[in-house]
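See structure below.
Numbers restart at 1 for each chain; the letters A, B, ... are given by sequence-line order, proteins then strands.
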Number of protein chains: 2
Amino acid sequence: MTAVKTDASDIAEASLRRTGARMTRPRIAVLAVLLAAERALTHTEVESRLPASLGVNRVTIYRVLEWLTEQGLAHKIAGDDRVWRFNAAEHAHRGPHAHFQCSDCGQVLCLDPVTSGPAVKLPAGYRQQRVELTVKGLCADCVPVRRKAGSHRHPH
Amino acid sequence: MTAVKTDASDIAEASLRRTGARMTRPRIAVLAVLLAAERALTHTEVESRLPASLGVNRVTIYRVLEWLTEQGLAHKIAGDDRVWRFNAAEHAHRGPHAHFQCSDCGQVLCLDPVTSGPAVKLPAGYRQQRVELTVKGLCADCVPVRRKAGSHRHPH
DNA sequence: GCCTGATTGCAACAAGGTTGCGAAAAATGC
DNA sequence: GCATTTTTCGCAACCTTGTTGCAATCAGGC
Ligand SMILES: [Mn+2]
Ligand SMILES: [Mn+2]
Ligand SMILES: [Zn+2]
Ligand SMILES: [Zn+2]
């Protein structure tokens with residue numbers, strides 16, 4: 001009797017209800033996709049993970065992602081490939097935290113909250129708001145195999 | 001008899017000669033623009049600061065900027081407005097250093113070399129290459145004026 | 001069930017950047 | 001200076017990511 005595939009959908013619905021705003025099919029579905037994801041997703045990735053049966057328009061996905069971000073239910077990350085990536089805010093990633101981006105496949109991951117950013121000095125008159133820390137490197141899939149013939153996939 | 005406006009051009013030519021590659025008008029001009037700039041410039045900004053008399057094509061500017069970056073004569077910075085900004089590498093900014101981006105006007109500045117990034121832990125199998133540190137905030141032009149009627153320009 | 005404003009779908013647009021290819025311009029050797 | 005070789009440039013067309021205006025639809029309150 002217990003739902004099994006609605007796992008993420010249920011959490012999504014609950015979170016949405018808490019905002020007091022309208023609960024719509026696209027919102028639930030998009031948030032569920034983000035919640036089920038193990039890493040930050042681009043708009044295109046969200047689109048392709050969305051049940052095709054829903055037929056959600058791509059513009060709607062853009063709008064929902066933006067809206068989720070405003071509501072604090074998601075946060076978006078700018079990689080250096082000029083593509084936004086979105087993450088559900090649930091994952092305990094409320095406060096400021098660092099990000100990792102693979103310089104080969106572009107994949108983005110939230111890292112653990114950073115203890116203390118090194119102080120940087122700004123020119124006079126400038127005001128600091130927050131510090132973003134991004135680690136660039138190779139993800140497990142993109143690190144070249146060492147000696148054993150391995151499972152090096154290239155998810156471009 | 002001493003040249004006066006060629007300041008940046010001369011340095012540009014010298015740097016280019018050192019690469020051993022071809023010295024072309026667009027390369028000299030674009031690098032001179034970067035050298036004369038007080039901050040990182042977008043492609044469009046470079047284009048508008050280039051002597052119109054040269055009639056350099058915008059595609060060429062893209063290609064030259066990319067090439068300068070490969071040669072180590074410039075470096076490019078990804079802001080969160082999905083626009084590349086370029087800086088001449090001369091400015092003593094050889095090593096790793098932090099960047100500032102104004103969250104209002106988008107302006108990007110190179111900051112001083114950072115002493116020591118806080119160590120972040122990556123998942124198993126991930127390899128770290130470098131750490132990027134970006135300070136977000138308001139530049140002097142975008143900080144709201146306090147009490148004296150001031151010179152608050154908005155260079156959007 | 002009906003009303004009303006919030007949301008969605010569609011089509012058209014925009015910015016930033018890339019690609020293919022023939023023409024023009026550097027370097028090089030004479 | 002001139003021809004030769006190779007790189008670079010200009011142009012037009014294209015692509016990706018994201019935005020906007022507006023009419024049609026839907027969620028929530030009654
Ligand atoms: Mn994150
Ligand atoms: Mn810099
Ligand atoms: Zn990777
Ligand atoms: Zn500013």
Side-chain angles (χ1 to χ4, degrees), chain A residues 9 12-31 33 40-48 50-71 73-74 76-86 101 105-106 108 156, chain B residues 12-13 15-31 33 40-48 50-71 73-74 76-86 101 105-106 108 156:
Chain A
S9 271
E13 279 193 59
S15 302
L16 287 172
R17 203 177 316 274
R18 245 171 276 132
T19 71
R22 286 197 184 172
M23 308 251 307
T24 68
R25 226 100 65 93
R27 285 178 180 172
I28 299 170
V30 169
L31 183 49
V33 165
L41 300 183
T42 65
H43 166 271
T44 323
E45 288 170 330
V46 170
E47 189 170 15
S48 69
L50 228 37
S53 57
L54 287 185
V56 184
N57 187 274
R58 60 181 214 97
V59 176
T60 302
I61 302 177
Y62 278 114
R63 291 200 269 229
V64 167
L65 286 171
E66 199 58 42
W67 181 85
L68 288 172
T69 303
E70 281 160 19
Q71 300 300 310
L73 294 179
K76 64 177 176 181
I77 309 149
D80 60 4
D81 51 1
R82 16 189 278 297
V83 176
W84 289 113
R85 283 178 175 78
F86 295 83
Q101 181 167 33
C105 69
V108 168
H156 275 288
Chain B
E13 279 192 57
S15 301
L16 287 173
R17 204 177 316 274
R18 244 172 277 130
T19 70
R22 286 197 185 175
M23 307 252 305
T24 70
R25 226 101 66 94
R27 283 177 182 173
I28 299 170
V30 169
L31 183 49
V33 165
L41 301 182
T42 64
H43 167 270
T44 321
E45 289 170 329
V46 170
E47 189 170 15
S48 68
L50 229 35
S53 57
L54 287 185
V56 184
N57 188 273
R58 64 183 209 98
V59 177
T60 302
I61 303 177
Y62 278 115
R63 292 199 270 229
V64 167
L65 287 171
E66 199 58 42
W67 181 85
L68 288 172
T69 304
E70 281 162 17
Q71 299 300 310
L73 294 179
K76 64 176 177 181
I77 309 148
D80 60 5
D81 51 1
R82 1 189 295 290
V83 176
W84 290 114
R85 284 179 175 78
F86 296 83
Q101 181 166 34
C105 70
V108 169
H156 275 288

Where the side chain of [X] meets the backbone of [Y], is there a donor-acceptor pair that is under 3.5 Å apart?
{"X": "A:R85", "Y": "A:G106", "answer": "yes"}
{"X": "B:H43", "Y": "B:R58", "answer": "yes"}
{"X": "B:Q101", "Y": "B:V108", "answer": "no"}

DNA chain D nearest-nucleotide lookup for A:Y62 and B:G55: closer to the 5′ end is B:G55
Would you classify [X] as touching base, sugar-phosphate or nothing, given that sugar-phosphate means primed atoms plus P, OP1 and OP2, and contacts are heavy atoms under 4.0 Å?
{"X": "A:R58", "value": "base"}
{"X": "A:W84", "value": "sugar-phosphate"}
{"X": "A:V59", "value": "base"}

For [X] and [N], give me the distance from atom [atom1] to atom [atom2], rounded to whole Å.
{"X": "B:R27", "N": "C:dA26", "atom1": "CZ", "atom2": "C1'", "result": "10 Å"}
{"X": "A:W67", "N": "D:dA27", "atom1": "CH2", "atom2": "P", "result": "14 Å"}
{"X": "B:R22", "N": "C:dT28", "atom1": "CZ", "atom2": "P", "result": "9 Å"}
{"X": "B:E66", "N": "C:dT18", "atom1": "CD", "atom2": "P", "result": "6 Å"}
{"X": "B:K76", "N": "C:dG17", "atom1": "NZ", "atom2": "P", "result": "9 Å"}
{"X": "A:L16", "N": "C:dA6", "atom1": "CG", "atom2": "C1'", "result": "15 Å"}
{"X": "A:R25", "N": "C:dG9", "atom1": "CZ", "atom2": "C1'", "result": "14 Å"}
{"X": "A:I28", "N": "C:dT8", "atom1": "CD1", "atom2": "C1'", "result": "15 Å"}

Ignoring the backbone of B:V83, work out which of C:dG17, C:dA27, C:dT7 is nearest its side chain. C:dG17
Heavy atoms, side chains only, cut-off 4.5 Å: are B:T19 and B:W67 in contact? yes
So, does [X] get its side chain near the phosphate of [N], meaning an N or O under 4.0 Å from OP1 or OP2?
{"X": "B:T60", "N": "D:dG10", "value": "yes"}
{"X": "B:N57", "N": "D:dC9", "value": "no"}
{"X": "B:T24", "N": "D:dC9", "value": "yes"}

Residue whose closest nucleotide on DNA chain C lies nearer the 5' end, A:L54 versus B:T44: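 Taking each residue's closest nucleotide, the earlier one in sequence belongs to A:L54.
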Does any N or O donor sit under 3.5 Å from an N or O acceptor when you compare the side chain of B:R63 with the base of C:dG17?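 A donor-acceptor contact between them is absent.
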With rounding to the nearest 0.5 angstrom, report the CD to CE distance, A:E13 to A:M23.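 Reported to 0.5 Å precision, the distance equals 4.5 Å.
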